Amino acid sequence: MPTAAGKGSREVRAFVGLGANLGGDLAATLRLALRDLQSLSGCELVAVSSAYRSAPVDAGGPDYLNAVAELRTCMKPLELLDALQAIEQAHGRERPYVNAPRTLDLDLLLYGQDQLSEARLSVPHPRLHQRAFVLKPLLELAPDLQVPGLPPLQECLLALQDQAIECQGAL
């Protein structure tokens, strides 16, 4: 049976990291982004982690509020990336410099078990295993998740105990 994205498309389990540290009510921003993800043609929002507050890593600015969303999608990786970036832009995302504070950040963390390294997109996300604000919510959704090319994620998280992170509850 053809999927929403067209005949022959495969359905993939994808994980998207959400974050925001500018613009007032960060939880409301993330909830709106989740609504936008849910409305994407060819995507189904399967699950959402709790929200987590953390200090920026390798950057300055106010604390971030982060979460991870699990999607079932038949969009291709770059097509999904384009959709994520369009949602960011709709929420006022600017990119004045690397790791700048942001109104909304949507990162494609995992796209099935695929490994891609292209100019615009690398999956698994290249710093996924170095960020507690990614690993905690990701492991909340998928505690036994194995990521190609990485050691067990629980081990990675143990190595990041110096990164303060606090669960804020459901979005």
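Quick caveat: nothing in here was measured; it's all calculated off a predicted structure.
Using a 4.5 Å cut-off on side-chain heavy atoms (C-beta onward), Ile165 and Arg53 make no contact. Counting heavy atoms from C-beta outward, Tyr64 and Arg102 have side chains that approach closer than 4.5 Å. Residues Leu171 and Leu18 are not in side-chain contact: their nearest non-hydrogen atoms beyond the backbone lie 4.5 Å or more apart. Ser54 has its side chain out of reach of Leu65: every pair of non-hydrogen atoms, C-beta onward, lies at least 4.5 Å apart. Contact check for Asp36 versus His91: side-chain heavy atoms found under the 4.5 Å cut-off. A 4.5 Å side-chain heavy-atom check between Gln154 and Leu139 finds at least one atom pair inside the cut-off.
Just one residue in the list Leu109, Val16, Asp107 forms a side-chain contact (heavy atoms from CB on, under 4.5 Å) with Val68, and that residue is Leu109.
Residues His129 and Leu135 share a closest heavy-atom pair of O-CD1, 3.7 Å. Minimum interatomic distance between Gln115 and Pro124 (heavy atoms only, all atoms of both residues): CG-CD, 4.0 Å. The nearest pair of heavy atoms linking Pro137 to Ala132 is CD-O, 3.9 Å. Counting all heavy atoms, side chain and backbone alike, Pro62 lies closest to Asn21 at O-ND2, 3.0 Å. Here the closest non-hydrogen pair linking Gly112 and Val12 is N-CG1, 3.1 Å. Between Glu70 and Leu141, the closest heavy-atom pair is N-CD1, 4.0 Å.
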Apply the test side-chain contact (heavy atoms from CB on, under 4.5 Å) to residues Glu88 and Asp105: give CA-CA distance (whole Å), side-chain angles for both, the deciding distance (0.1 Å), then the verdict. CA-CA 6 Å; Glu88 288 177 340; Asp105 185 32; 3.4 Å; yes
Glu166 vs Asp63, test: side-chain contact (heavy atoms from CB on, under 4.5 Å). Steps then yes/no. CA-CA 11 Å; Glu166 182 182 329; Asp63 283 355; over 6 Å; no
Please lay out, stage by stage, how Leu138 and Leu110 fare under the test side-chain contact (heavy atoms from CB on, under 4.5 Å). CA-CA 10 Å; Leu138 181 60; Leu110 296 166; 4.3 Å; yes
What's the verdict on side-chain contact (heavy atoms from CB on, under 4.5 Å) for Arg131 and Asn66, showing C-alpha distance, side-chain angles and the deciding distance? CA-CA 11 Å; Arg131 307 290 197 244; Asn66 293 282; over 6 Å; no
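Ion pairing between a basic and an acidic side chain is recognised when a charged N comes within 4.0 Å of a carboxylate O; Arg120 and Asp82 show such pairing. The residues Lys76 and Asp114 are annotated as not salt-bridged, no charged nitrogen and carboxylate oxygen being separated by less than 4.0 angstrom.
Leu37 and Leu121 end up in the same hydrophobic cluster when Ile, Leu, Val, Met, Phe, Trp and Tyr side chains are linked at under 4.5 Å. No path of Ile, Leu, Val, Met, Phe, Trp and Tyr side chains, each step under 4.5 Å between heavy atoms, connects Ile87 with Leu22, placing them in separate hydrophobic clusters. Cluster annotation: Val134 and Val46 are assigned to distinct hydrophobic clusters (Ile/Leu/Val/Met/Phe/Trp/Tyr, side-chain heavy-atom contacts under 4.5 Å, transitive). Leu32 and Leu106 are assigned to two separate hydrophobic clusters, defined by single-linkage of ILVMFWY side chains at heavy-atom distances under 4.5 Å.
A donor-acceptor pair is defined here as one N or O able to donate and one able to accept, closer than 3.5 Å; such a pair exists between the side chain of Gln163 and the backbone of Gln130. In this structure, Gln38 contributes its side chain and Cys43 its backbone to no donor-acceptor pair below 3.5 Å.
With rounding to the nearest 0.5 angstrom, the CD atom of Glu11 is 8.0 Å from the OG1 atom of Thr73. With rounding to the nearest 0.5 angstrom, the NE2 atom of His125 is 12.0 Å from the CG atom of Leu150. Rounded to the nearest 0.5 angstrom, Leu80 CG and Leu84 CG are separated by 4.5 Å. The structure places OG of Ser122 at 15.5 Å from OH of Tyr111, a figure rounded to the nearest 0.5 Å. Distance check: Leu153 CG to Leu158 CG gives 11.0 Å after rounding to the nearest 0.5 Å.
For residues 137-156, there are no salt bridge (Lys or Arg N to Asp or Glu O under 4.0 Å) pairs, not counting sequence neighbours.
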